[in-house]
Amino acid sequence: MSDAVQVTTETGASPGPPAPAASPGWRAGLRPVRSAGDWFLQRREASVLLVAVALMLYFYTQRPDVFFEHSNLVNIAQATAPTAIVAVGIVLLLINGEIDLSAGVVAALVPFLFYFGVHDYGIPVILSLILSLVIAAGFGFVNGFVRTYFGVPSFVATLGTFFAIRGIMLIISHAYPSPIPEEAKGGFQKWLGQGEWSGLIWALIIVALFHVVLTQTRWGLHTISVGGNPVGATEAGIRASRIKIGNFMIASTLGGFAGLLEAFRINTIDPNIGGGTSLIFNAIAAAVIGGTALAGGSGTVIGALLGALVLAELQNGFNLMQFDQNTIFLITGIAIVVSMVANQYLSRLRRAGRT
Amino acid sequence: MTDTPTTSPVSAAPASGGVAPNGVDALRAEHIAKRFGALTALRDVNLRLGKGEVLGLIGDNGAGKSTLIKILCGFHKPDAGRIFVNGEEVTLRSVDHARSLGIDTVYQDLALINELSVYHNMFLNREVVRWPLLNNRVMRRQAKAHLADMGVNIPDVTVEVAKLSGGQRQAIAVARSVYSDAKILLLDEPLAAMGAKEGALILDLVSDLKRRGDVSIIIIAHNYAQVLPVCDRVNLLQHGEITLDKRTSETSAEELTDLVVAEYRAARRNRQPS
Ligand SMILES: Nc1ncnc2c1ncn2[C@@H]1O[C@H](COP(=O)(O)OP(=O)(O)OP(=O)(O)O)[C@@H](O)[C@H]1O
Ligand SMILES: [Mg+2]
């Protein structure tokens with residue numbers, strides 16, 4: 001902005017060469033951009049968007065008869081939503097330099113908690129929904145506490161809670177599906193997953209919300225700080241443990257919410273929803289494809305949404321092209337590795353730009 | 001308070017905090033000890049910082065200067081000892097707590113977040129907020145104003161700190177503390193990465209603050225000749241204790257260098273025969 005240019009000319013006028021990083025061309029290149037950080041993030045998101053659009057066009061050329069059909073778009077939206085919602089929490093944690101492997105099984109557990117609340121204890125549906133999400137947050141707290149208080153790496157800590165929560169879920173459900181309680185049917189269920197687009201709408205709301213949290217609030221700045229420079233952030237008085245525990249709680253809660261949406265969508269509470277590893281692995285893949293590095297300090301929530309879309313498109317498109325599932329796994333795997341490599345390459349480019 | 005505290009009779013002997021001349025000290029530390037596992041970083045440190053005074057803290061690499069600073073700013077908890085701020089004993093619970101008492105720090109490692117912009121770094125953990133959102137416009141404006149005021153050459157406050165040179169980064173860390181309205185500034189090697197001009201700029205800043213009279217400063221440096229002109233007093237930290245407390249007017253860079261080096265030579269002589 002113009003003010004920035006003013007400062008530049010002021011200081012530029014002083015004798016002595018400016019620091020090497022401040023070459024005029026570099027400055028001029030940045031002038032139209034509000035923030036260099038934003039610019040890179042946007043560019044990173046833009047490249048994923050490009051991939052998503054290219055895939056769409058490709059699959060359209062392969063199956064012009066069905067790809068843009070209403071029902072197929074709904075399919076893609078419904079596959080995108082839960083992955084994207086879980087991926088939002090994963091992005092926050094990856095930025096923190098952490099990971100949560102248990103968010104996917106929390107997604108399987110929470111619908112059962114909701115069901116028992118309504119069915120066995122007669123708790124009103126809204127309250128039961130909130131309570132089950134609070135319990136989900138509690139699991140996140142446990143993850144964060146074990147990580148920060150005992151110093152157990154989150155990969156290990158959440159691997160532990162992954163098995164533990166899975167055990168709880170299988171015990172209380174007896175490994176059998178439960179129905180959606182009668183009290184929750186109707187508008188409630190429609191708005192929370194059953195409606196064709198409701199999952200996607202929730203995903204968009206959550207992505208928008210956490211994009212703002214990440215880029216426009218203290219919480220977001222401190223999340224980036226704690227991941228980017230843990231010691232420095234602590235020296236500046238930021239309570240790293242608090243930030244991390246909070247983000248573990250967010251990730252767990254979002255996992256639980258995604259599980260509820262899925263249960264309402266398929267109209268049954270299935271112990272296998274995310275009870276295996278697919279939901280969490282998809283979410284991590286979405287985050288990574290979306291441009292979030294595992295090193296901590298940077299990441300994008302919008303990228304994760306686009307990453308989830310790319311994964312959903314791959315699955316859907318190759319399905320339509322009648323590839324078998326094993327081949328689709330192979331292709332998805334390659335896609336993840338390629339985007340990882342691209343990320344690595346991009347961040348090297350970015351560092352090079354730093355001088 | 002004037003910028004020269006009343007002359008105090010300082011002995012060359014290990015000064016136990018010196019004599020508090022004009023009433024209350026801004027900061028006083030008594031019998032501070034700090035161990036890291038088996039390593040004793042600080043044994044028994046006594047140090048005082050008068051109001052409006054600039055104290056130079058010197059010592060070898062690994063002498064414990066940074067450790068002492070981090071205790072005085074609430075980052076580390078001392079194993080033993082007492083800390084007084086404006087004459088009142090305090091137990092510093094956290095960096096935030098120390099900040100609320102008017103203590104602010106430029107860390108040796110600068111505590112900058114590479115991934116954040118210059119202005120977000122300058123307001124790190126002190127962000128201007130229009131709840132629930134950050135008030136970026138105000139922070140940008142103030143950051144620009146402060147840097148321009150300091151005469152620091154930062155082309156654009158919205159660039160990521162990672163893209164700046166070492167000296168620019170240091171300038172940001174210094175600006176962040178200097179403009180925090182702190183009454184006690186702890187500067188851990190603020191000149192380390194500075195060019196001659198930029199170093200002079202920061203020393204001028206210290207002098208300005210000193211002239212204002214209400215800011216007390218501890219400054220750590222290895223280039224004695226460079227910092228002595230702005231210091232009122234110098235303390236030497238050795239073997240976990242303050243072994244020398246002298247008014248600047250009574251010593252010189254040469255003397256201090258000789259002291260530090262002599263000790264090293266003696267130690268080396270003792271080592272070699274065995
Ligand atoms: N967090 C820590 N954990 C373990 N040991 C530490 C820690 N911080 C400092 N030390 C040790 O304490 C001693 C004093 O370190 P300190 O950083 O205070 O020295 P210094 O005087 O600042 O040195 P320099 O001039 O090199 O900056 C060193 O031996 C160092 O290894
Ligand atoms: Mg040091």
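Lettering follows sequence order; numbering is per chain, from 1.
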With chain A, which of D104(B), T105(B), D109(B), N135(B) has the greatest number of heavy-atom pairs at distances under 4.5 Å?
D109(B)
How many angstroms lie between atom CE of M139(B) and atom CG of L221(A), to the nearest 0.5 angstrom?
6.5 Å
About how many Å separate CG of N114(B) and OG of S298(A), when rounded to the nearest 0.5 Å?
11.0 Å
If every non-hydrogen atom of A233(A) is compared with every non-hydrogen atom of I113(B), which pair is closest and at what distance?
N-CD1, 4.0 Å
side-chain contact (heavy atoms from CB on, under 4.5 Å), that's the test. Do E235(A) and V95(B) meet it? Break it down for me.
CA-CA 7 Å; E235(A) 284 175 342; V95(B) 173; 5.9 Å; no
Which pair of heavy atoms, one from T217(A) and one from P132(B), lies closest together, and at what distance?
CG2-O, 3.5 Å
If you tally heavy-atom pairs under 4.5 Å against chain A, which of F75(B), W131(B), F123(B) wins?
F75(B)
Greater than 12 external heavy atoms within 6.0 Å of E88(B)'s CD:
no
Which heavy atom in L134(B) sits nearest to a heavy atom in T215(A), and how many Å separate them?
CD1-O, 4.2 Å
Heavy-atom distances under 4.5 Å only: say whether V212(A) touches chain B with side chain, backbone, both or neither.
side chain
As a quick check of understanding, evaluate side-chain contact (heavy atoms from CB on, under 4.5 Å) for N229(A) and L112(B), giving each step before the final call.
CA-CA 8 Å; N229(A) 182 355; L112(B) 295 178; 5.6 Å; no
Quick one, Q216(A) and N136(B) - any side-chain contact, counting heavy atoms below 4.5 Å?
yes
Highest number of heavy-atom pairs under 4.5 Å with chain A among H120(B), R176(B), R99(B), E127(B) belongs to E127(B)
Looking at residues at least two apart in the chain, or sitting in another chain, which of them share a side chain to side chain donor-acceptor pair (under 3.5 Å) with T292(A)?
none
What heavy-atom pair brings R239(A) and D96(B) nearest, and what distance separates the two atoms?
NH1-OD2, 3.3 Å
Can you tell me how far the OG atom of S94(B) sits from the CD1 atom of I238(A), to the nearest 0.5 Å?
12.5 Å
Derivation of the side-chain contact (heavy atoms from CB on, under 4.5 Å) call for N125(B) and R218(A):
CA-CA 8 Å; N125(B) 204 22; R218(A) 290 188 83 191; 3.1 Å; yes
R126(B) atom CZ, neighbour heavy-atom count above 12 within 6.0 Å:
yes
Check this for me: F155(A), atom CZ, are more than 12 non-hydrogen atoms of other residues, nucleotides or ligands nearer than 6.0 Å?
no
